[in-house]
Protein chains: 2
Amino acid sequence: MSTAQGARARARQEITAAIKEAARRQLAAQGAAKLSLRAVARELDMVSSAVYRYFPSRDELLTALIIDAYDSLGEAAERARDAASDVPPPARWVAVCEAVRGWGLAHPHEYALIYGSPVPGYSAPQTTVRAAARVGLVLIGILRDARQGPGPAAPPLPADLVPEAARVAADLAPDLPPEAAVALVAAWAQLFGLVGFEVFGQFNNVVADRETFFRHAAARLAEGVGLR
Amino acid sequence: MSTAQGARARARQEITAAIKEAARRQLAAQGAAKLSLRAVARELDMVSSAVYRYFPSRDELLTALIIDAYDSLGEAAERARDAASDVPPPARWVAVCEAVRGWGLAHPHEYALIYGSPVPGYSAPQTTVRAAARVGLVLIGILRDARQGPGPAAPPLPADLVPEAARVAADLAPDLPPEAAVALVAAWAQLFGLVGFEVFGQFNNVVADRETFFRHAAARLAEGVGLR
DNA sequence: CCAGAGCAAGAGCGGTGCTCTCTTTTTGGT
DNA sequence: ACCAAAAAGAGAGCACCGCTCTTGCTCTGG
């Protein structure tokens, strides 16, 4: 039990990592639909049935990759936030948005895995939920920091939204006013709409200078959540 | 050539339609990944190789379904626009957005097909482009109609966006001012961000009253493009 | 009327996810 | 130090997949 439960456990971790690495390579090369457990096994010089000692099914492998992708994107967002800790909140917001965009463009297939169609026989294991929240938490944090001072008022809510807004705020960030919480959730989804359209090529013959376009759109998103 | 090129051609059309219908059923039931040409053939009591007389490959079948899905969504949007022809433009905008959302929730797998990850070995045939534009055209039309009167100014553009905005406007709607065109493209993507998050379950433990939330978000989108 | 086009059927190839059995290796308690 | 038990690898095999090819049959247009 000395270092890490013996050589057996360490080997298991290494092989598990190697499988995920090979799978990630295939994912990046051909997309989730073409990810083949047998091909992964071939690349690692093992027989297909051996892989099942590490992942009980192809979908479980994909789930592991999904979690890793969420973490990778979350880290990218957190790095961008930390690198922009000395700029005003709106610029920090834009920096995080650009990090999300950059990650998506750099890893389109992994982006598709987490924000495209749910690939496996449809199942979003609860395990992924926490990993999925990281980007959202970064955005919440920026808004919270900016609200330390006197908050510029967000636009008032229509009456029918008030109860839902209170609910969202209570679950998400009890220290934020309801109108900020609901605006943030909308901006969160809208950010991924912008990124998704670009990653999936929907802007192809529509927007040429996508970088500039995106920066502007992200800045307007910041305004929409009350950052100024 | 009298009615429709004889019985042969009619039979071909009928069988083609039957194949697409069966495929759409499978798509709705299990998603694009599990759509099997052989299963479609089984359902239609033919042998798998016979299907290839009508669609040269599984991906071609999927492409046909993609185009149909774009058309179906486009029709839903157009119906909503026409049904709301007598309400003010912002309300008409919201009605179209709600139609898009409703269609997506009613046909999640088809929505995933067109706005989720590009499924086949990655190819967006040029044929789909025109079908894909329909929803966008509806949104443009609403904005254009509203602009007949004296247009409320959209927020001014930063200098670095001016050239791109001019380009977008020229391609998209030369009669719209550049800042409106660029705001519209952003709103277009953001709309599908909102709908996609809901269809794909990203709002599951975040937003409860999604209907109300969406209506509010769509209304703010309308403000963002200058509808008031 | 009949050649050729269109179509259905079946066999078959290589690939897939996954299961089962059998053997080998490693491990931990006595 | 030994030995049963657990873990891992290897291989065959099942049912399915997309797709191709060949073989006949039917319909159609000149």
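Because the structure is a prediction, the values reported are computed rather than measured. Basis for what follows: all heavy atoms, side chains included, without hydrogens, waters or symmetry-related copies. Quick note on labels: first sequence line is chain A, next is B, and so on, each numbered from 1.
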Rounded to the nearest Å, what distance is computed from the [atom1] atom of residue [X] to the [atom2] atom of nucleotide [N]?
X     : N      : atom1 : atom2 : answer
A:K34 : D:dC17 : NZ    : P     : 16 Å
A:R38 : C:dG14 : CZ    : C1'   : 11 Å
B:I15 : D:dT26 : CD1   : C1'   : 13 Å
B:E14 : C:dA8  : CD    : P     : 12 Å
B:R12 : C:dA5  : CZ    : C1'   : 12 Å
A:Q13 : D:dA8  : CD    : P     : 12 Å

Between [X] and [N], is there a side-chain N or O to OP1/OP2 distance below 4.0 Å?
X     : N      : result
A:R58 : C:dT16 : no
A:S49 : D:dA10 : no
A:R8  : C:dT25 : no

Study note, to complete from the structure: In numerical order, the residues of residues 50-57 of chain A whose heavy atoms come under 4.0 Å of DNA chain C are A:Y52, A:S57

Check your understanding: Heavy-atom contacts under 4.0 Å between residues 16-29 of chain A and DNA chain C, which residues?
Key -> none

**Study point:** Residues from residues 39-48 of chain A lying under 4.0 Å of DNA chain D - heavy atoms
**Key:** A:V47

I'd like to check the ring pair (Phe, Tyr, Trp, His ring centres under 6.0 Å) partners of [X]; sequence neighbours left out, ordered by chain and number.
X      : value
B:W93  : none
B:H107 : B:W103
A:F214 : none

Applying side-chain hydrogen bond (donor to acceptor under 3.5 Å, both in side chains), name anything that partners [X], two or more places apart in sequence or on another chain.
X      : answer
A:R210 : none
A:D209 : A:T212
A:R144 : A:D175
A:E43  : A:R25

Check your understanding: A:R24 and A:E21: salt bridge (Lys or Arg N to Asp or Glu O under 4.0 Å), yes or no, with the steps?
Key -> CA-CA 5 Å; A:R24 195 152 25 232; A:E21 192 185 341; over 6 Å; no

Scan the side chains in residues 180-203 of chain A for donor-acceptor partners under 3.5 Å anywhere in the protein, sequence neighbours excluded, and list what turns up.
unit_1 : atom_1 : unit_2 : atom_2 : d
A:E198 : OE1    : A:R101 : NE     : 3.0
A:E198 : OE2    : A:R101 : NE     : 3.2
A:E198 : OE2    : A:R101 : NH2    : 2.8
A:Q202 : NE2    : B:Y70  : OH     : 3.1

Distance-only check: which donor-acceptor pairs under 3.5 Å involve side-chain atoms of residues 74-84 of chain B, not counting sequence neighbours?
unit_1 : atom_1 : unit_2 : atom_2 : d
B:E78  : OE1    : B:R134 : NH2    : 2.8
B:E78  : OE2    : B:R134 : NE     : 3.1
B:E78  : OE2    : B:R134 : NH2    : 3.2

Check your understanding: Nearest to the side chain of A:L37, which nucleotide is it out of C:dT26, D:dG9, C:dG17?
Key -> C:dG17

Exercise for review: Classify the nucleic acid contact of A:L61 as base, sugar-phosphate or nothing, counting any heavy atom under 4.0 Å across all strands shown.
Suggested key: nothing

Check your understanding: Just wondering, more than 12 heavy atoms not from B:N205 lying within 6.0 Å of its CG?
Key -> no

